[in-house]
Asks: 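Pasting in a structure now, in structure tokens, and then I'll have a few things to ask.
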Amino acid sequence: MNRFTTIFWDVDDTLLDFAYSQRHALSECFRSIGRKMTEAELALYTRINDDYWKRLELGEVTKEQLLTGRFLLLFKKLGIEGVDVEGFRAGYQAGLGSTFSFLDDSLAICRSLRGRVRQYVITNGVTSTQRSKLKLSGLSEVMDGVFISEEIGSPKPQRQFFDHCLSHVEEKDKSRILIVGDSLTSDIKGGVQAGIPTCWYRRGAGTMDEVLGVGCRPDYEISDLHRIYDILGLPQ
Ligand SMILES: [Mg+2]
């Protein structure tokens with residue numbers, strides 16, 4: 001008998017390439033205000049955005065503060081004035097929801113697992129953006145369910161988020177559920193705190209020192225999503 005019956009998939013930077021969508025959406029928004037986005041501006045935005053998401057995970061800011069605040073800070077640092085920040089924000093979310101790129105043939109992997117394990121999305125993204133991206137990418141039709149923090153009312157890694165997910169899935173033995181995600185601070189930490197096995201999808205430069213820094217050790221570590229078959233004990 002296979003140990004795992006159920007997978008909780010993170011979306012951004014696990015199933016879908018978030019950097020790709022972000023670059024496309026932001027550059028379109030810059031064009032809408034008559035600017036050509038530079039690499040330095042994209043890097044600055046990425047730093048500001050990452051910082052806001054970390055603060056959201058820590059409960060220091062609300063989602064609303066994050067969604068607008070990151071652009072207000074970006075405009076301030078770049079000396080951009082007179083921009084309708086709410087319009088910019090709406091355009092950005094629409095852009096994020098309409099462009100996507102798969103990581104490691106993730107759609108084919110999820111599709112091949114359909115009927116062999118139950119699969120759910122667990123994401124901290126904005127509801128309208130995530131729903132749009134999951135539908136357009138075809139991922140929503142291979143999933144058994146979608147859990148979005150905005151709908152649940154608390155984000156990963158908070159216990160309430162995972163308790164909600166656990167109470168809405170068929171598998172009642174959480175040791176038979178596997179969380180797969182790239183974020184040590186939301187996916188892995190959240191899983192460890194909720195007592196759900198975790199698989200860290202390590203992309204790029206992450207090291208075990210980071211894991212120890214977060215204080216949570218994942219049960220598995222992969223750098224290619226195809227390795228999920230080995231963990232599940234299933235043929236490709
Ligand atoms: Mg992620």
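Numbering of ligands and ligand atoms starts at 1, following listing order.
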Asks: Is Asp187 close enough to the Mg ion (ligand 1) that one of its N, O or S atoms comes in under 2.8 Å?
Replies: no
Asks: Would you mind naming the N, O or S atom of Asp182 nearest to the Mg ion (ligand 1)?
Replies: OD1
Asks: Looking at Phe71 versus Tyr45, is the centre-to-centre ring distance below 6.0 Å?
Replies: yes
Asks: With the Mg ion (ligand 1) as the point of reference, which N/O/S atom of Asp12 is the closest?
Replies: O
Asks: Let me check your reading of the structure: within less than 2.8 Å of the Mg ion (ligand 1), is there an N/O/S atom from Asp13?
Replies: no
Asks: Parallel, tilted or perpendicular: which fits the ring planes of Tyr120 and Phe147, with parallel below 30° and perpendicular above 60°?
Replies: parallel
Asks: May I ask you to establish whether Arg89 and Tyr92 are in a cation-pi arrangement, using a distance under 6.0 Å from NZ or CZ to the six-membered ring centre and at most 45° from the ring axis?
Replies: no
Asks: Indicate yes or no: does Glu171 engage Arg118 in a salt bridge with an N to O separation below 4.0 Å.
Replies: no
Asks: Ring centres under 6.0 Å, that's the criterion: do Phe102 and Phe100 meet it?
Replies: yes
Asks: For the Mg ion (ligand 1), find the closest N/O/S atom on Asp10 and give its atom name.
Replies: OD2
